[in-house]
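Structure record follows, encoded as structure tokens.
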Amino acid sequence: MGEPASDLGRGRALEELAARRFDLLVIGGGIIGAGIGAHAARAGLAVALVDADDFGGATSSASSKLIHGGLRYLRLGDVRLVREAHHERRVLTKIVAPHLVQRTPFLLPLYHGGPYRPAYVQSGIVLYSLLARSRINWLVDSDEAREMVPPLRLEGLRSCALYADATTNDARLCIENVRAAAESGACVLNRAEVVALRSSRGRVAGAEVRVDGEEIAVDARVVVNAAGPWVDHVRRLEDPRLGTSVRLSKGAHVLVELDDAWTAALTIAQDDVRVTFAVPWYDMLLLGTTDTEHDGDPGDVTIEPTDTAQILAEASIALSADVVAPDRVRAAYSGLRVLPAGEGESVNARRETVFTRSPGGMLNVAGGKLTTYRRIALQTLTRLQSELGLRRIDKRPWPLPGAARLERVSLPLELEEDIRAHLLHLYGSRAPEVLAPAVEDPSLLQRLNSGGPDIAAQVRYAVTHEWAR
């Protein structure tokens with residue numbers, strides 16, 4: 001497609017879906033499907049990427065916003081996962097999306113009666129920082145900790161460890177991968193639900209896609225099911241008798257008012273394995289997450305009062321009571337993790353990617369971490385290399401749209417500093433493109449909310465360039 005996502009572009013995408021035979025059809029436009037579509041299109045394949053709802057509209061916009069090695073995975077003994085995740089964190093912060101993925105210091109406060117001993121934590125932080133190739137791995141005193149996190153609870157504090165990870169805007173990271181796919185020639189379409197799979201000689205060879213009440217036959221040599229929490233739903237379109245390949249875990253988060261500026265995020269130990277986080281997030285404080293089994297329809301996941309109460313209570317281990325009071329909650333959301341099927345509590349399940357083959361050859365890709373989406377995409381292409389006729393797979397990282405030439409960005413209009421910084425963060429070198437219509441129409445510079453930096457030009461840009469419906 002490679003063009004603005006206006007209604008005209010949507011019409012052309014519909015025509016292309018119906019008329020063209022693709023090398024690869026990717027079902028699911030979350031971060032995994034978007035990453036697969038982007039890397040496949042860059043490899044020269046004819047790619048179609050469809051999502052039943054909005055790109056990144058489910059799990060990929062409901063995360064804890066972390067790009068991290070996963071400190072707790074060391075406790076589970078998964079050093080390989082931590083090493084791989086740290087490699088991807090470095091690649092994302094330096095090459096792939098430096099405007100979106102930003103290095104962030106984290107404090108881990110240790111309290112009397114807590115699950116961790118300071119000496120044990122310090123040795124773990126040292127190993128974690130070695131894997132991260134980071135020099136931040138020391139203990140800070142209470143005064144330093146309070147400077148970084150003003151409402152940190154000091155009662156019973158034994159010590160406070162400091163380490164580095166990164167944070168991101170997960171939804172924007174997903175959208176930029178969709179744009180990368182489109183700019184490399186992929187046909188991408190949201191609000192396009194796969195309702196049936198097409199077969200030829202016993203092989204899955206495309207799908208029936210419902211768009212605006214009409215069904216379109218899409219032909220493809222290879223089909224990848226990256227539907228996230230709906231992965232088994234898509235598998236059963238081929239054979240309703242297929243069992244469950246994954247299990248789902250709900251993660252809930254709340255946002256509370258933030259009065260003071262934080263210069264670090266918090267990692268809060270809950271037990272021997274589980275931790276929660278308190279992360280400064282666009283002048284708010286993001287708290288979470290929970291980890292509870294979800295057995296119902298993925299579309300029915302909701303935030304419950306018990307989730308909010310649990311999150312606030314767990315945050316109060318390290319934060320003063322007034323910061324985590326119920327009346328300070330301004331928003332809440334929940335999403336679903338896709339985990340390998342197995343016994344035991346979901347909190348102990350490894351965050352591994354599950355690759356399975358359906359009887360008709362469709363490759364199902366589920367699970368993994370937001371941090372390692374790029375690695376998962378490359379692993380997917382490697383598994384399909386012979387079927388897709390790829391002579392080689394280039395695994396070198398490349399900048400997403402908006403990530404290149406950041407130091408040369410020149411905006412066409414004078415802006416208030418918070419708006420300027422916000423646009424450069426979200427769009428990088430695309431920020432002038434977002435602002436261009438405002439040169440002729442100054443009303444597009446109006447703030448969407450008097451207390452925030454988002455402006456009307458972003459809404460227009462989402463419609464014309466980013467598939468907003």
Side-chain angles (χ1 to χ4, degrees), residues 1-3 5 12-13 16-17 19-52 55-56 60 88 91-92 95-97 173-190 192 194 197-198 203-207 209 218-228 231 234 353-358 360-368 370 372-401 403 467:
M1 195 160 92
E3 61 183 41
R12 290 177 180 170
E16 187 177 358
L17 278 178
R20 190 175 177 190
R21 185 169 189 261
F22 296 93
D23 297 316
L24 178 65
L25 169 62
V26 181
I27 302 171
I31 189 63
I32 302 301
I36 294 169
H39 283 80
R42 279 183 64 91
L45 298 173
V47 176
L49 170 64
V50 298
D51 192 277
F55 294 124
S60 296
E88 291 303 309
V91 165
L92 290 171
I95 300 172
V96 176
L173 189 63
C174 183
I175 284 291
E176 295 299 1
N177 274 273
V178 177
R179 291 202 62 171
E183 291 182 6
S184 292
C187 176
V188 303
L189 197 66
N190 57 350
V194 170
L197 297 174
R198 296 168 59 82
R203 299 279 296 177
V204 173
V209 181
V218 181
D219 293 322
R221 286 198 292 135
V222 178
V223 177
V224 167
N225 169 16
V231 64
V234 174
T353 309
V354 179
F355 293 94
T356 59
R357 285 278 191 170
S358 294
M362 180 172 66
L363 180 62
N364 308 289
V365 185
L370 171 68
T372 55
Y373 84 87
R374 197 187 69 92
R375 180 179 290 265
I376 296 168
L378 292 170
Q379 289 173 338
T380 301
L381 292 185
T382 299
R383 288 172 179 263
L384 298 171
Q385 187 168 357
S386 60
E387 294 168 67
L388 292 171
L390 290 172
R391 295 182 60 185
R392 62 182 295 270
I393 297 173
D394 187 353
K395 297 184 179 181
R396 293 173 297 179
W398 39 268
L400 286 172
W467 303 278

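The first residue of the sequence shown is numbered 1, and numbering continues consecutively from there. Atom set for the values below is all heavy atoms of this structure, side chains included, hydrogens, waters and symmetry mates excluded.
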Residues forming a side chain to side chain donor-acceptor pair (under 3.5 Å) with Arg391, sequence neighbours excluded: none
Write down the atom of Thr353, the atom of Gly367, and the distance for their closest heavy-atom approach. OG1-O, 4.0 Å
Any residue meeting salt bridge (charged side-chain N to carboxylate O under 4.0 Å, His left out) with Arg203, in chain and number order, not counting sequence neighbours: Glu387
Ignoring hydrogens and angles, tell me if any N or O in the side chain of Arg374 forms a donor-acceptor pair with the backbone of His39 under 3.5 Å. no
Begin with the C-alpha distance, continue with both residues' side-chain angles, and end with the deciding distance and a verdict on side chain to side chain contact (heavy atoms under 4.5 Å, CB included) for Ile36 and Leu24. CA-CA 10 Å; Ile36 294 169; Leu24 178 65; 4.3 Å; yes
Would you mind listing every salt bridge (charged side-chain N to carboxylate O under 4.0 Å, His left out) that reaches into residues 22-34, with sequence neighbours excluded? Asp23-Arg221
Nearest-0.5 Å distance that lies between atom CG in Asn177 and atom CD1 in Ile32: 9.5 Å
Leu197 vs Ile27 side-chain heavy atoms within contact, under 4.5 Å: yes
Heavy-atom closest contact (Ala207 atom, Val194 atom, distance): CB-CG1, 3.8 Å
Quick one: does Leu363's side chain get under 4.5 Å of Arg357's, heavy atoms only? yes
Quick one, Leu370 and Leu173 - any side-chain contact, counting heavy atoms below 4.5 Å? yes
How would you list, by chain and number, every residue that makes a side chain to side chain donor-acceptor pair (under 3.5 Å) with Asn364, sequence neighbours excluded? Asn225, Thr356, Ser358
If I compare all heavy atoms of Asp51 with all of Gly30, which pair ends up nearest, and what's the gap? OD2-N, 4.0 Å
What verdict does the side chain to side chain contact (heavy atoms under 4.5 Å, CB included) test give for Leu390 and Leu45, after you've listed the backbone C-alpha separation in whole Å, the side-chain angles of each residue and the deciding distance to 0.1 Å? CA-CA 9 Å; Leu390 290 172; Leu45 298 173; 3.9 Å; yes
Using every non-hydrogen atom in the two residues, find where Cys174 and Phe55 come nearest and quote the distance to one decimal. SG-C, 4.4 Å
Closest non-hydrogen contact found for Val188 with Ala182 is CG2-CB, 4.1 Å
Which residues share a salt bridge (charged side-chain N to carboxylate O under 4.0 Å, His left out) with Arg392, sequence neighbours left out: none
So Val96 and Tyr373, do their side chains get closer than 4.5 Å, heavy atoms only? yes
Thinking salt bridges, do Arg12 and Glu16 make one under a 4.0 Å N-O criterion? no
For residues 377-384, please give each side-chain donor-acceptor pair under 3.5 Å, one per line with the distance, not counting sequence neighbours.
from: Thr380; atom 1: OG1; to: Ile376; atom 2: O; distance (Å): 2.9
from: Thr382; atom 1: OG1; to: Leu378; atom 2: O; distance (Å): 2.9

Which heavy-atom pair separates Leu17 from Cys187 by the least distance, and what is that distance? CG-SG, 3.8 Å
